[in-house]
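The next block holds one structure in the form of structure tokens; read it before the comments.
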Amino acid sequence: MLAASGAIIARRYPEIAVGALMGVVIIQGFGYGLIFDLNFFLRNLSVVGGLIMVFSDAITSSKRNFAGLPSLTENDRRKYFQLVGRVLLIFLFIGFIIQGQWSFARVLVSILGLIACGMIAVGFKAKWSAAFLVILLSVFNVVINNWWSVHSHHPQRDFLKYDFFQTLSIVGGLLLLVNMGPGGLSVDEKKKIY
């Protein structure tokens with residue numbers, strides 16, 4: 001994981017690094033035995049969405065074109081990957097909504113978060129919505145997944161640490177969305193045309 005993450009940060013062989021990290025995400029599901037846990041599954045979908053956003057950022061044009069066969073251009077592939085990554089990123093927040101105790105504050109945050117998720121999914125004001133979710137998830141991550149406050153021998157510490165770093169990687173995917181924008185298949189891009 002460390003080598004693949006370093007390769008993505010260094011922008012060296014990002015396609016291979018994204019593939020390796022996707023393999024790690026899938027293997028972790030089976031390794032922890034939580035593949036059928038809904039919250040775990042939704043978190044992993046969000047991590048995959050972040051990895052797809054990284055992949056769409058790293059797409060380079062291919063020199064292999066076969067005569068007579070239709071091919072997608074670099075921009076076409078990038079648009080589709082950005083759409084899929086954008087939609088998958090919001091599944092973490094859906095998992096956040098279905099777990100835990102309900103209160104007035106939680107209902108308010110859930111409603112605002114669902115609105116932001118919907119805006120990200122369709123690509124309307126996606127940068128602002130993603131920035132809002134970055135702030136919301138960062139605060140949530142520090143308050144709820146505070147693994148540093150749990151005794152080092154407590155079994156809950158490992159789960160909190162895993163959730164903390166998984167949420168942190170999803171926040172990274174949302175920051176990539178803030179930086180790159182929603183892509184060509186979005187309301188924001190269609191508004192530029194008209």
Side-chain angles (χ1 to χ4, degrees), residues 5 8-9 14 18 21-22 24-25 28-29 34 37-59 78-148 159-192:
S5 299
I8 287 175
I9 291 170
V18 166
L21 288 174
M22 280 198 190
V24 168
V25 168
Q28 280 180 344
L34 297 172
D37 180 24
L38 181 63
N39 192 29
F40 184 81
F41 183 71
L42 292 174
R43 280 178 172 274
N44 279 345
L45 281 179
S46 294
V47 170
V48 168
L51 289 172
I52 290 174
M53 291 295 290
V54 169
F55 183 73
S56 72
D57 186 41
I59 288 180
R78 188 178 181 140
K79 286 191 296 189
Y80 291 117
F81 279 120
Q82 283 177 323
L83 173 66
V84 171
R86 204 174 63 222
V87 170
L88 288 177
L89 270 174
I90 63 174
F91 280 107
L92 170 75
F93 198 79
I94 294 170
F96 165 72
I97 291 173
I98 61 174
Q99 116 189 28
Q101 299 292 330
W102 288 96
S103 66
F104 177 73
R106 185 179 175 104
V107 169
L108 181 65
V109 168
S110 295
I111 290 171
L112 290 175
L114 274 177
I115 291 169
C117 287
M119 291 171 71
I120 288 173
V122 298
F124 177 69
K125 302 288 184 194
K127 285 185 172 188
W128 289 103
S129 301
F132 171 73
L133 283 180
V134 162
I135 294 168
L136 186 69
L137 288 174
S138 296
V139 170
F140 167 79
N141 204 20
V142 170
V143 172
I144 301 299
N145 295 327
N146 54 354
W147 57 270
W148 52 88
F159 288 108
L160 287 173
K161 188 185 286 188
Y162 180 78
D163 288 347
F164 179 84
F165 285 110
Q166 200 172 32
T167 304
L168 192 63
S169 66
I170 294 164
V171 166
L174 288 168
L175 283 173
L176 190 59
L177 176 61
V178 170
N179 184 37
M180 289 174 34
L185 297 174
S186 65
V187 173
D188 289 346
E189 285 297 317
K190 297 301 178 197
K191 285 183 0 185
K192 289 180 184 177

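Once rounded to the nearest 0.5 Å, the distance linking CG of Leu176 with CD1 of Ile52 reads 12.0 Å. If you take OH on Tyr162 and CH2 on Trp147, they are separated by 15.5 Å, rounding to the nearest 0.5 Å. Atom CD1 of Ile170 and atom CZ of Phe165 lie 13.5 Å apart (nearest 0.5 Å). Remark: Leu51 CG to Leu89 CG distance equals 9.5 Å, nearest 0.5 Å. Atom CD1 of Ile90 is separated from atom CG of Leu174 by 10.0 Å, given to the nearest 0.5 angstrom. In this structure, the separation between CG on Leu42 and CD1 on Ile94 is 7.0 Å, given to the nearest 0.5 Å.
By the 4.5 Å heavy-atom criterion applied to side chains, Met180 and Ser56 are counted as neighbours. Inter-residue side-chain proximity for Gln82 and Leu185 is flagged as unmet; no heavy-atom pair is nearer than 4.5 Å.
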Name every donor-acceptor pair, under 3.5 Å, that has one atom in a side chain of residues 117-137 and the other anywhere in the protein, sequence neighbours excluded.
unit_1, atom_1, unit_2, atom_2, d
Ser129, OG, Lys125, O, 3.0

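Nearest heavy-atom pair across Ser110 and Trp102 is OG-CZ3, 3.8 Å. Closest non-hydrogen pair, Arg86 versus Met53, comes out as N-SD, 3.8 Å. Minimum heavy-atom separation, Lys79 to Gly184: CD-CA, 3.4 Å.
Among Asn39, Asn145, Ile144, the one residue that satisfies the side-chain contact (heavy atoms from CB on, under 4.5 Å) test with Asp163 is Asn145. Each of Val47, Val171, Asn141 was evaluated against Gln166; a single residue qualifies, Val47, per the side-chain contact (heavy atoms from CB on, under 4.5 Å) test.
The environment of CZ in Phe159 is sparse: at most 12 heavy-atom neighbours from other residues, nucleotides or ligands sit within 6.0 Å. The environment of CZ in Phe164 is crowded: more than 12 heavy-atom neighbours from other residues, nucleotides or ligands sit within 6.0 Å.
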